[in-house]
Amino acid sequence: MRDTHRERERERQRYRQREKQAPCREPDMGLDPGSPGSGPGLKAALNCWKADPEAHTPPPLQEPSGPSPPSQAQQKESVQAVRRSLPVFPFREELLAAIADHQVLIIEGETGSGKTTQIPQYLFEEGYTKKGMKIACTQPRRVAAMSVAARVAREMGVKLGNEVGYSIRFEDCTSERTVLRYMTDGMLLREFLSEPDLASYSVVMVDEAHERTLHTDILFGLIKDVARFRPELKVLVASATLDTARFSTFFDDAPVFRIPGRRFPVDIFYTKAPEADYLEACVVSVLQIHVTQPPGDILVFLTGQEEIEAACEMLQDRCRRLGSKIRELLVLPIYANLPSDMQARIFQPTPPGARKVVVATNIAETSLTIEGIIYVLDPGFCKQKSYNPRTGMESLTVTPCSKASANQRAGRAGRVAAGKCFRLYTAWAYQHELEETTVPEIQRTSLGNVVLLLKSLGIHDLMHFDFLDPPPYETLLLALEQLYALGALNHLGELTTSGRKMAELPVDPMLSKMILASEKYSCSEEILTVAAMLSVNNSIFYRPKDKVVHADNARVNFFLPGGDHLVLLNVYTQWAESGYSSQWCYENFVQFRSMRRARDVREQLEGLLERVEVGLSSCQGDYIRVRKAITAGYFYHTARLTRSGYRTVKQQQTVFIHPNSSLFEEQPRWLLYHELVLTTKEFMRQVRGPSFAQESEDVWGGRILARFNLLRLAEKQENINLR
DNA sequence: GAGCACTGC
C-alpha cells in the first residue's frame with residue numbers, strides 16, 4: 001500500500017515538473033467585481049408588469065474608490081486599500097477567531113464579499129501555511145480557479161505559480177513553494193487517490209458550495225470523514241445565502257459565519273397572467289424595455305441554441321422593420337457551443353446611443369459576467385439533464401428553473417448599478433410552482449465513476465456513505481452492477497486489480513475497461529483516440545444552418561464500414577495528419593474546439609498508460625482488434641434488432657439508431673452502443689455492429705448472460721435485490 | 001430522419 005502511495009506521489013511530482021516548463025496562463029475572463037457605474041434612476045415599471053413590493057433587495061454598501069493609477073510606489077498601498085474596502089475585511093479578526101475555535105465553519109457570503117480572495121490570504125498571514133502546510137480552495141469552474149489565483153497572486157505581490165497557484169485538469173500551475181492552491185473541486189477529489197488524508201493541507205475551503213456540483217457533494221462526505229481523524233485540519237464551507245443551515249447540520253451543527261455582500265438593489269416584476277408563448281413574449285418585452293426604459297443593457301435567459309437563434313432572428317427582423325423609429329439595438333447570442341470569436345462580441349462595450357441585448361443560456365447565470373447589464377428578462381426555464389437508473393438513459397429536458405436559479409438570474413441585473421428583473425411568469429407561480437433549489441447533480445447523473453473512486457478510497461458500504469443528499473438507490477445499484485460486470489469489483493464487492501487501475505483513469509468505467517483491454521489486443525494507440533473522441537460529449541460535427549448539405553456530405557465522407565467508433569478514429573487521424581489544423585476543421589465541418597479537447601484528453605490518458613500498465617501499440621490497420629477492445633468495455637451496452645426496432649439485451653428496452661449514425665441505413669442484427677439518450681425517441685448514440693456473426697452470438701450474447709448470472713452473487717454480497 | 005443546458009476529472 002505504502003509503496004504505491006509513494007509511487008503515485010513521485011508520479012505527481014514528475015507531472016508537476018513537466019507542467020512547470022509551460023508558463024502559467026493569465027485567464028481571459030476575470031471575475032473581478034465591476035467598477036461602479038452611473039446607473040439610471042428607477043422609473044415607473046412597464047404597464048404589463050406588476051411590482052413585487054417584497055422583492056426589494058437591501059441598499060448597496062458604499063463602493064470603494066478604484067485604485068489610483070499613477071506611481072508604482074503607490075500601487076502596493078492602493079492594493080491594500082482595495083483589500084481593506086471589501087465587505088469581508090471588518091470581519092477579519094472575528095473570522096480568524098472563529099476558525100481557530102472551530103474545526104468546521106460554514107461561511108455565508110454573497111458574491112463580491114471578497115471571501116474567495118481574502119480568507120485564504122488571512123489564513124496565510126495568520127500562519128496556517130507554516131511547516132510546509134498548504135491551503136486548498138476549491139472552485140466548481142476552471143476559469144474561476146485560474147482568475148482568482150491570478151488576482152490573489154497580484155495582491156500578494158508574488159508570481160503566479162510560486163506562493164499562489166492553481167491546479168486544474170491539463171494544467172498545473174503550482175510548485176514546491178505553492179502554499180495557496182486554488183483548484184477545481186474535481187481536482188481535489190482526484191488528489192484523494194494519492195493523499196487520502198489530505199495530510200499536506202492545513203485548511204480546505206470548499207467555495208461555491210451552494211452550486212452542489214457532483215464533485216463538491218462527494219468532497220463533503222470525504223472531508224467530513226477526514227476531519228474526524230485529523231482534528232487539526234480546518235474545513236471551511238463557503239456558500240451563498242442558500243442552504244447554509246443544511247451544511248451546518250451536515251457538519252454536526254458547525255457554526256455559520258455571515259458576511260454581507262455588495263450588490264445593488266434589483267426590482268423584480270412579474271406578469272399578471274401566464275404567458276402562452278414565452279419566446280414571443282420575450283421578443284415583445286425586449287422591444288418594450290428598449291423603447292420605454294432608460295439606458296442599460298438587457299440580458300435574456302433562454303434554454304438552448306435553437307431558441308436563442310430563433311429569438312435573435314425575430315428581434316433583428318422586428319428592429320429592421322421599425323427602422324429609424326427606434327434607437328439602435330445590438331442583438332448578441334451567447335451559448336457554450338458558439339465559436340469563440342462570436343462569444344467575444346458580448347464583451348465589447350456598447351456604442352453610445354445604442355443598447356445591447358444579450359440572449360444567453362444558463363452560461364450567463366454563473367460562468368460569465370457581462371458588464372453593464374441593467375435589465376434581466378427571465379422566462380423561468382432551463383434545460384436540465386436527468387438520468388433514469390432503471391433504463392440507464394440520460395435525457396435533456398426543458399424544465400422550470402428553481403427559485404434559487406431565478407434569484408441568481410435576477411442578481412445579474414444588479415452588478416454595476418440598480419437594476420430590474422422582469423419575470424415572464426406570475427408572482428403566484430414563483431411562490432407556489434418553482435422548487436426552492438435545483439435538484440443536486442448527484443441525484444441526476446450516472447455514478448459509475450464516482451462509485452469506482454469511492455471504492456478505491458476504501459469506502460465499501462456505499463449505501464451508508466454520508467451523502468449530503470443521497471443519490472437514488474437504483475443509481476448506486478446500477479453502478480455497482482456495471483462495475484461488477486466489468487470485473488472492477490469481485491463477488492465480495494471488493495476492488496480488483498483491474499478495478500484499481502480503472503479508478504486511475506479519469507473517464508467512465510466502461511471507457512477505462514476498454515483502454516485496459518487494448519493491452520491484450522495491442523491497439524492502445526487507436527483505443528486512446530476512440531476513448532478521447534467518445535469523452536468529448538459535444539458533437540464533433542459542425543452543421544451551420546446555411547450549409548446543411550455541405551456539412552452532411554463532409555460528415556458522410558468520414559464514414560467507414562464498421563460503425564461510428566471507427567468513424568471517430570478516422571476523423572481524429574485525418575486531423576492529426578493535417579497537423580492539428582484549425583483550417584482543416586473548418587474545411588471539413590468539424591468543430592475545432594471539440595477536437596482540441598479530444599487531443600487534451602488523449603494526451604492525458606496517454607500519460608497515464610504507464611501507471612495502469614498498458615503499453616503503447618498500434619493495430620496497424622487491423623481494426624478487428626480495436627473492435628474487440630471496444631467490446632470488452634461495452635458488451636453491457638448491446639441491442640438486438642427486432643421487428644419493432646432494437647431491444648437492449650439488459651433492460652429489454654426498445655431503442656433506435658440515431659439518424660446521424662453511419663449505420664443508420666444498415667440496421668445490423670446486433671449492435672453495440674456507447675450511450676442511450678432520450679430526445680424525440682430513445683436513441684443509441686455512437687454504435688457499431690459485430691465484426692462477424694459468431695462474435696455477435698457467442699461472444700456478446702454468451703458473455704453477457706454469463707455476467708448476468710454472476711449478479712446473484714453480487715446481490716448476496718450487497719444484501720439487496722438487483723432486479 | 002434528428003437537433004447539442006452547463007460544468008468537471
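Computed from heavy atoms alone, side chains included, the values below leave out hydrogens, waters and symmetry copies. In what follows, chains are A, B, ... by sequence order, proteins preceding strands, each numbered from 1.
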Among the nucleotides [options], which one has an atom lying closest to any side-chain atom of [X]?
| X | options | answer |
| --- | --- | --- |
| I363(A) | dG1(B), dC4(B), dT7(B) | dT7(B) |
| R141(A) | dG8(B), dC6(B), dG1(B) | dG8(B) |
| A336(A) | dG1(B), dC4(B), dT7(B) | dT7(B) |
| N337(A) | dA2(B), dG1(B), dC4(B) | dC4(B) |
| R190(A) | dC6(B), dA2(B), dC9(B) | dC9(B) |

Which whole-number value in Å describes the distance from [X] [atom1] to [N] [atom2]?
| X | N | atom1 | atom2 | result |
| --- | --- | --- | --- | --- |
| D185(A) | dC9(B) | CG | C1' | 10 Å |
| Q686(A) | dA2(B) | CD | C1' | 14 Å |
| L219(A) | dC9(B) | CG | P | 12 Å |
| N362(A) | dC4(B) | CG | P | 16 Å |
| N449(A) | dT7(B) | CG | C1' | 14 Å |
| L511(A) | dG8(B) | CG | C1' | 15 Å |
| E211(A) | dC6(B) | CD | P | 15 Å |
| D217(A) | dT7(B) | CG | P | 19 Å |

Just to be sure I understand the rule, does [X] reach a base, reach only the sugar-phosphate, or reach nothing, if contact means heavy atoms closer than 4.0 Å?
| X | value |
| --- | --- |
| K385(A) | base |
| T303(A) | sugar-phosphate |
| L396(A) | base |
| N660(A) | base |

Exercise. So, T438(A) versus S405(A): side-chain donor-acceptor pair below 3.5 Å or not?
Worked result: no
For this session: Please determine, by modelled atom types, if Y335(A) and E307(A) share a side-chain donor-acceptor pair under 3.5 angstrom.
Result: no
Problem set entry | Cation-pi, F301(A) ring and R409(A) (6.0 angstrom, 45 degrees) | yes
For this session: May I ask you to establish whether K547(A) and F589(A) are in a cation-pi arrangement, using a distance under 6.0 Å from NZ or CZ to the six-membered ring centre and at most 45° from the ring axis?
Result: no
Problem set entry | Whether R412(A) side chain and A364(A) backbone form a donor-acceptor pair below 3.5 Å | yes
Taking only side-chain N and O atoms of [X], does any of them lie within less than 4.0 angstrom of OP1 or OP2 on [N]?
| X | N | value |
| --- | --- | --- |
| R142(A) | dC9(B) | yes |
| T184(A) | dC9(B) | yes |
| S367(A) | dC6(B) | no |

Exercise. Between V507(A) and R444(A), who's closer to the 5' end of DNA chain B by nearest nucleotide?
Worked result: R444(A)
For this session: May I ask you to check whether over 12 heavy atoms, not counting those of E306(A), lie within 6.0 Å of atom CD?
Result: no
